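This one's a predicted model, so the numbers in the text were calculated from it and none came from an experiment. Just so it is clear: chains get the letters A, B, ... in the order the sequence lines come, proteins before strands, and each one is counted from 1.
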There are 2 protein chains.
Amino acid sequence: MTKGNVAAPAPHRTPPEHVHPRDVALETALAALSDPVRLALVRELAAAEDWERTCGSFDVPVRKAALSHHFAVLRSAGLIEQRDAGAKRINRLRRAEFEERFPGLLALVLRQQEAGGGPRPRG
Amino acid sequence: MTKGNVAAPAPHRTPPEHVHPRDVALETALAALSDPVRLALVRELAAAEDWERTCGSFDVPVRKAALSHHFAVLRSAGLIEQRDAGAKRINRLRRAEFEERFPGLLALVLRQQEAGGGPRPRG
DNA sequence: CTACGTGTTCGCCTCGCATCGAACAGTCTA
DNA sequence: TAGACTGTTCGATGCGAGGCGAACACGTAG
C-alpha cells in the first residue's frame, strides 16, 4: 500500500509562503542562523544582487531536498523572500525588514565570517 | 561502554571550565541563545548584579539536571562565568567579553523581550 | 510530444538535543 | 554525625532537526 494510488495531492508549484520578520520570534531567527548551511546561504545571498540567485545555484554540501528545507526555514524566519521565475525560484535577502526587526543581527552574521576554530595563543 | 563499575569517576566539584567568547563560533553563540530556557537564564542574569544569582535561583520550568546542562551550554558559548561559593555556584553574565566578540548580539537579546507569538496591535 | 532541468514533498533513517529521575559529591547547619 | 541543600553526572527516553533518494509537478528546450 506504500504505493499504488498516490492520490496526487500535489500542492506543488504553490507560491512560496512568506513570513515577515516582524512576525518572527527571536528564538526562531537565532535558530535559523545557527545552522552552518543556512548561514552559508545567507552569506552567499548577501553577496549578490536581489533576485539574482536561484535556489540551486548555492555552494552548499547538501542535496536538493535538504536545500529546499533550508530555504523554507529561512523563509519562516523572515530572512529571505522568494519568487518564481519560470522553472526556477529566485531569492532575495530581506536586509531592511530583518534589520528593522533585529537590529544588528544580520550585520553581525555577515561580518563574522569564521570563528571558534582559529588559533589559540593561550595557555 | 566505559561503564560497569567504575570505582570513583566522580569528577564532581571540579571547578567549572570556561570558554572565552573569543573562542566561540558564531553558530555556537546563536544556538545557545536560540533556546527559550537559556534565553530566560541570560535575561534574568542580566537583570541582576554579578555573582548575585545562584544556579538554583532562576525561574525556569526545568529540573536540576536540565538546568545544569543549560548552564554548561551557556559556559561553552562564552556567555556566562561561574564560581563556586560554598555549596552554591554563582553566576555572572559576560557582558563585556561577549559584546566584544559579538557586538550587539547580547544587547539585541536583552532588548527583545517577546516576539512572534504576542498580540499584534497593528493593522 | 519528449526530454531535461528545477524545486517541492514524501517516506525513511539517523543523530543530537532537551528532559527527567536517580545517584553522588560537596557544603552548610543542627 | 546526621541531615538538608546545591549542583553535577549517568542512563534512558521522546522528539525534532537534518539528511537522503524517489516521485512528482511545472517550466523550458529540443
Side-chain angles (χ1 to χ4, degrees), chain A residues 1-18 27-28 30-41 51-58 60-77 80-91, chain B residues 1-18 27-28 30-41 51-58 60-77 80-91:
Chain A
M1 128 193 317
T2 42
K3 295 191 144 194
N5 55 0
V6 273
H12 254 312
R13 208 56 174 197
T14 178
E17 288 184 14
H18 289 108
E27 292 94 319
T28 304
L30 296 176
L33 291 171
S34 68
D35 181 272
V37 173
R38 289 193 290 266
L39 215 41
L41 293 177
W51 312 120
E52 195 186 2
R53 305 292 301 269
T54 68
C55 290
S57 72
F58 290 82
V60 286
V62 291
R63 302 263 176 226
K64 295 192 305 177
L67 190 58
S68 184
H69 164 68
H70 283 304
F71 276 114
V73 172
L74 291 177
R75 274 202 318 267
S76 300
I80 66 168
E81 191 178 355
Q82 295 186 307
R83 178 189 298 174
D84 283 340
K88 305 190 178 180
R89 183 161 281 188
I90 50 181
N91 302 273
Chain B
M1 51 293 256
T2 334
K3 236 229 55 193
N5 53 3
V6 187
H12 255 313
R13 209 56 175 197
T14 176
E17 289 186 12
H18 289 108
E27 292 95 319
T28 304
L30 296 177
L33 291 170
S34 67
D35 181 273
V37 173
R38 289 193 291 265
L39 214 41
L41 293 177
W51 311 120
E52 195 186 2
R53 305 294 301 269
T54 67
C55 290
S57 72
F58 290 81
V60 287
V62 291
R63 301 259 176 233
K64 294 191 307 178
L67 190 58
S68 184
H69 163 68
H70 283 305
F71 275 114
V73 172
L74 290 177
R75 274 201 319 267
S76 300
I80 67 168
E81 191 178 355
Q82 294 186 308
R83 177 190 299 173
D84 283 341
K88 307 190 178 181
R89 183 161 281 189
I90 50 180
N91 302 273

- Item | Nucleotide C:dC4, atom P - distance to NZ of A:Lys88 in whole Å | 17 Å
- A:Glu27 CD to D:dG16 P, in whole Å, measures 17 Å
- For the pair made of CG in A:Leu67 and C1' in C:dT8, what is the distance, rounded to whole Å? 11 Å
- Options D:dG18, D:dG7, C:dG21, nucleotide nearest the side-chain atoms of B:Arg89: D:dG7
- Just call it for A:Val37: base, sugar-phosphate, or nothing, with non-hydrogen atoms closer than 4.0 Å on any strand. sugar-phosphate
- Task: Mind calculating the distance between NE2 (B:His69) and P (D:dG7) to the nearest angstrom?
- Result: 17 Å
- Note on the structure: Taken to the nearest whole Å, CZ/B:Arg75 to P/D:dG7 is 12 Å
- Item | Nucleotide C:dC17, atom C1' - distance to CG of B:Leu30 in whole Å | 17 Å
- Round to the nearest Å and state the distance from A:Leu41 atom CG to C:dG7 atom P. 12 Å
- Task: To the nearest Å, give me how far apart CZ (A:Arg53) and C1' (C:dG7) are.
- Result: 16 Å
- Task: Return the minimal non-hydrogen interatomic distance between B:Arg38 and B:Ala31, and the atom names on each side.
- Result: NH2-O, 3.2 Å
- Item | Presence of A:His70 side-chain N/O under 4.0 Å of D:dG19 phosphate oxygens OP1/OP2 | yes
- Message: Between B:Arg63 and C:dA22, is there a contact of a side-chain N or O with OP1 or OP2 at under 4.0 Å?
- Response: no
